[in-house]
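Nothing here was measured: the structure is a model prediction, and the numbers come from that model.
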Amino acid sequence: MSADSHDPIPVDPRNPWEGFSADEALRWSRVLIHHSPDPQRASIKAAMSHSISNGVAVVGRDWVLTAARAREDGFTPVLYQALFESLQTIDVRAFRSHPGHRRTTFRSYVPGTPYESEIWNDWPRLFLEEEFDARTATALVLLRTEPLFPKTGPTTSPEQ
């Protein structure tokens, strides 16, 4: 499961944030620097953070695609931030569907957590329309998507 499971969103390398206003691209950059969908070297993240603090939207690998997919699902940068903050309050061991299980890590890189539209597309509705608080909306989505992530490890039969 990943953001790549949708039809491809074309990204023009000459204008990677096409379809986003400059302000919106900067707001997504500010969120994605902390909740990047892909791992980045710490030195690259620091340079990106410096650019963002100077008001320049940056493009990390898969950032525009993540922002576009999340926006299609009803997320704004503020809602995306709320989702990821609520995920930090839920123990990754509590749900097989927790994206902490799918974090991408490399030595000397800041880990990345992919945005999975198949999982999170209902979250904005639960939060905005059903008026669940962010943590409850997150837990409900994780619970609903548990069947997508089969149990792993040794199994025992009922007789044992």
*Asks:* What's the shortest heavy-atom distance between Ala134 and Ala82, and which atoms?
*Replies:* CB-O, 4.2 Å
*Asks:* Can Trp63 and Ser29 be counted as having a side-chain donor-acceptor contact under 3.5 angstrom?
*Replies:* no
*Asks:* Please name the pair of heavy atoms, one in Asp133 and one in Phe127, separated by the smallest distance, quoted to 0.1 Å.
*Replies:* C-CD1, 4.0 Å
*Asks:* Using side-chain heavy atoms (C-beta onward) and a distance below 4.5 Å, is Leu128 in contact with Leu79?
*Replies:* yes
*Asks:* Name all residues meeting the side chain to side chain donor-acceptor pair (under 3.5 Å) criterion together with Arg144; count only those two or more places apart in sequence or in a different chain, and write none if there are none.
*Replies:* none
*Asks:* Are Val92 and Leu148 joined in one hydrophobic group, where the rule is that I, L, V, M, F, W and Y side chains link up if heavy atoms are under 4.5 Å apart?
*Replies:* no
*Asks:* For Thr113 and Arg102, which I'm curious about, is there any donor-acceptor pair between the side chains at under 3.5 Å?
*Replies:* no
*Asks:* Determine whether Pro39 and Val110 make a side-chain contact, defined as any pair of heavy atoms from C-beta on separated by less than 4.5 Å.
*Replies:* no
*Asks:* Kindly write out the residues that satisfy salt bridge (charged side-chain N to carboxylate O under 4.0 Å, His left out) with Glu85, not counting sequence neighbours, or none if the list is empty.
*Replies:* none
*Asks:* So do the side chains of Trp120 and Thr138 get within less than 4.5 Å of each other, counting heavy atoms only?
*Replies:* yes
*Asks:* Report the distance from atom CG of Asp38 to atom CG of Leu65, rounding to the nearest 0.5 Å.
*Replies:* 10.0 Å
*Asks:* State, yes or no, whether a side-chain contact exists between Arg30 and Pro77 at a heavy-atom distance under 4.5 Å.
*Replies:* no
*Asks:* List for me each residue that meets side chain to side chain donor-acceptor pair (under 3.5 Å) alongside Arg135, sequence neighbours excluded, and say none if there are none.
*Replies:* Thr89
*Asks:* Would you say that Leu32 contacts Pro37 through its side chain, given a criterion of any heavy-atom pair below 4.5 Å between the two side chains?
*Replies:* yes
*Asks:* Can you find a side-chain donor-acceptor pair between Ser21 and Asp23 that sits under 3.5 Å?
*Replies:* no
*Asks:* With a 3.5 Å distance limit and no angle check, can you tell me whether Glu116 reaches the backbone of Pro99 through a side-chain donor-acceptor pair?
*Replies:* no
*Asks:* Rounded to the nearest 0.5 Å, what's the gap from CZ on Arg69 to OG1 on Thr66? Could you check?
*Replies:* 8.5 Å
*Asks:* Please table the atom pairs, donor to acceptor, closer than 3.5 Å between any side-chain atom in residues 43-50 and protein atoms at least two apart or in another chain.
*Replies:*
residue, atom, partner, partner atom, Å
Lys45, NZ, Ile33, O, 2.8
His50, NE2, Asn54, ND2, 3.1

*Asks:* Measure the spacing between CZ of Arg27 and CD of Gln81 and express it to the nearest 0.5 Å.
*Replies:* 13.0 Å
*Asks:* How about Thr104 and Tyr109: do any of their side-chain heavy atoms sit closer than 4.5 Å?
*Replies:* no
*Asks:* How long is the straight-line distance from OG1 of Thr145 back to CD1 of Ile119, given to the nearest 0.5 Å?
*Replies:* 5.0 Å
*Asks:* Taking the six-membered ring for Trp, are Tyr80 and Tyr115 ring centroids under 6.0 Å apart?
*Replies:* yes
*Asks:* Can you tell me how far apart CG (Leu142) and CZ (Phe149) are? Round to the nearest 0.5 Å.
*Replies:* 9.0 Å
*Asks:* If the condition is side chain to side chain donor-acceptor pair (under 3.5 Å), which residues does Trp28 pass it with, not counting sequence neighbours?
*Replies:* none
*Asks:* Any heavy-atom pair between the side chains of Leu126 and Val141 that's under 4.5 Å?
*Replies:* yes
*Asks:* Membership question, hydrophobic clusters at under 4.5 Å side-chain separation (ILVMFWY): are Val56 and Val59 in the same one?
*Replies:* no
*Asks:* Under the side chain to side chain contact (heavy atoms under 4.5 Å, CB included) rule, what do Gln88 and His35 come out as? Steps first, then yes or no, please.
*Replies:* CA-CA 11 Å; Gln88 293 172 1; His35 307 292; 3.8 Å; yes
*Asks:* Measuring from atom OG of Ser117 to atom CD of Glu72, what distance do you get when rounded to the nearest 0.5 angstrom?
*Replies:* 7.5 Å
*Asks:* Under the rule for salt bridge (charged side-chain N to carboxylate O under 4.0 Å, His left out), what residues qualify as partners of Arg93, not counting sequence neighbours?
*Replies:* Asp91
